[in-house]
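Structure, as structure tokens:
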There are 2 protein chains.
Amino acid sequence: MSIDPPGFELPLRLFLGFRVLIDELHAELARQGHPHARPMHGFVMQAIGPEGTTAVELGRTLGVSKQAAGKTIETLERIGYVERARDPRDTRRKIVRLTESGVDVLVRSARIFDELRARWAAVIGEERLRELEADLRKVTPHDVFRLDVPGWFGP
Amino acid sequence: MSIDPPGFELPLRLFLGFRVLIDELHAELARQGHPHARPMHGFVMQAIGPEGTTAVELGRTLGVSKQAAGKTIETLERIGYVERARDPRDTRRKIVRLTESGVDVLVRSARIFDELRARWAAVIGEERLRELEADLRKVTPHDVFRLDVPGWFGP
DNA sequence: CGGTAATAGTGAACCAGGTTGTCTATCTGT
DNA sequence: ACAGATAGACAACCTGGTTCACTATTACCG
């Protein structure tokens, strides 16, 4: 009744690879003065983008409810990665923008990810790593957001 | 201020690859009569194994507290994938075992994962897929459980 | 122009899963 | 035989998700 045919390994390895990168990213971010950054914050801030967004818009891009997006924004605001201001042309809207600190996280994350990628390249070879990325691109959706990072555990 | 250097793509693709497989697995499981199965259930049931475990033991293998393991077991019990019985030789312990239905999920999951893997092989080639798995094995931990699937979002 | 409909944000109640702390019941070992 | 370790359960709390309900504002249209 042993259940571990080849098919089981692939998703596991993909997830472990992801986890290794994310864990090392956040260990390094903590060392660099961002101990409060959480895995999803990077994704969310990436989704907010340089132009800013609103809760509804953010919810749509991330594939979660506007209320969930609102809560996440609140958290990011509390940590100081984001700030909100009313839109003068539509006073219902509140525009969410990255603060300097928020941008700093993204910039550092980018640098750290590059370093981690280089470490992988040193282990398996730059050529193989490029192939790996190319292959993954072929079997994954092109729309890179809508990860539903939050939510794929739920109902 | 655009932030998307090469380093950002790798973790994203790994995660997307994982998500695609998991989502398709559960879509298919739902079609095959297991609409209540959740992503983590598979991992947990895999960790329970054919011999059965206890909450404490399960917590240790998964890398979560015994209470968390206990809650998950409760959920699995409610769905009917697992059943508990006192250990006659140590009446403190409650041994958790997969039910027929639980085993059925694992068997079907294995089959579905194999099919999904075959689909990927058809797209990128069996050879490249084997290389991809081999490369990931080199950069990920060998201990395949202790995913901390639950918990890597938290503090 | 004014009334209806759509939209943005918020709050409340709930759920899943995680944590820690505490408590009881049951071994285990000296 | 008793002290200490262990298994399980319960409570309180956190995060991040959901839906439902409500207000305030804007947009559309007859």
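Numbers restart at 1 for each chain; the letters A, B, ... are given by sequence-line order, proteins then strands.
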The side chain of A:Lys71 is closest to which nucleotide in this list: D:dT18, C:dT22, C:dT26?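 The closest nucleotide is D:dT18.
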From A:Arg97, A:His41, A:Glu77, residue fulfilling side chain to side chain contact (heavy atoms under 4.5 Å, CB included) relative to A:Val82: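 That would be A:Glu77; it is the only one of A:Arg97, A:His41, A:Glu77 passing the side chain to side chain contact (heavy atoms under 4.5 Å, CB included) with A:Val82.
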For B:Arg89 and for B:Ala68, find the nucleotide of DNA chain C with the closest heavy atom, then tell me which residue's nucleotide is more 5'.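 Nearer the 5' end of the strand: B:Ala68.
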Residue whose nearest DNA chain C nucleotide is more 5′ - B:Arg78 or A:Glu74: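 That would be A:Glu74.
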For the hydrophobic clusters of this structure (ILVMFWY residues joined by side-chain heavy atoms under 4.5 Å, transitively), does one cluster hold both B:Ile79 and B:Ile73?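 B:Ile79 and B:Ile73: one cluster.
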Examine A:Val103 and A:Val105 and state if one hydrophobic cluster contains both, with Ile, Leu, Val, Met, Phe, Trp and Tyr joined whenever side-chain heavy atoms are less than 4.5 Å apart.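 Linked within one cluster.
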Measure the distance from [atom1] on [X] to [atom2] on [N] and round it to the nearest whole Å.
| X | N | atom1 | atom2 | result |
| --- | --- | --- | --- | --- |
| A:Gln67 | C:dG11 | CD | C1' | 10 Å |
| A:His36 | D:dT15 | NE2 | P | 12 Å |
| A:Ile73 | C:dG11 | CD1 | P | 13 Å |

For A:Thr72 and for A:Pro88, find the nucleotide of DNA chain D with the closest heavy atom, then tell me which residue's nucleotide is more 5'.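 Checking each residue's closest nucleotide, the 5'-ward one belongs to A:Thr72.
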Polar atom pairs between nucleotides 4-8 of chain D and protein, under 3.5 Å, N or O only, would you list them?
unit_1	atom_1	unit_2	atom_2	d
D:dT6	O2	B:Arg92	NH1	2.6
D:dG8	OP1	B:Lys94	N	2.6
D:dG8	OP1	B:Lys94	O	3.1
D:dG8	OP2	B:Ala55	N	3.3
D:dG8	OP2	B:Val56	N	3.2
D:dG8	N7	B:Lys66	NZ	2.8
D:dG8	O6	B:Lys66	NZ	3.0

Can you check whether B:Thr75 has a side-chain N or O nearer than 4.0 Å to OP1 or OP2 of C:dA16?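 Answer is no, no contact under 4.0 Å.
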Does D:dG17 have its OP1 or OP2 closer than 4.0 Å to a side-chain nitrogen or oxygen of A:Ser65?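 Indeed not, no polar side-chain atom of A:Ser65 lies that close.
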Any B:Asp135 side-chain heavy atom under 4.5 Å of A:Leu129 side chain: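 Contact flag for B:Asp135/A:Leu129 side chains = no.
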Can a side-chain donor-acceptor contact be found between B:Tyr81 and B:His34 if the only test is distance below 3.5 angstrom?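 Result is yes, a qualifying pair exists.
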Have a look at B:Asp90 and tell me which of B:Arg92, B:Arg93, B:Arg86 forms a side chain to side chain donor-acceptor pair (under 3.5 Å) with it.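 It is B:Arg92, the one option of B:Arg92, B:Arg93, B:Arg86 that forms the side chain to side chain donor-acceptor pair (under 3.5 Å) with B:Asp90.
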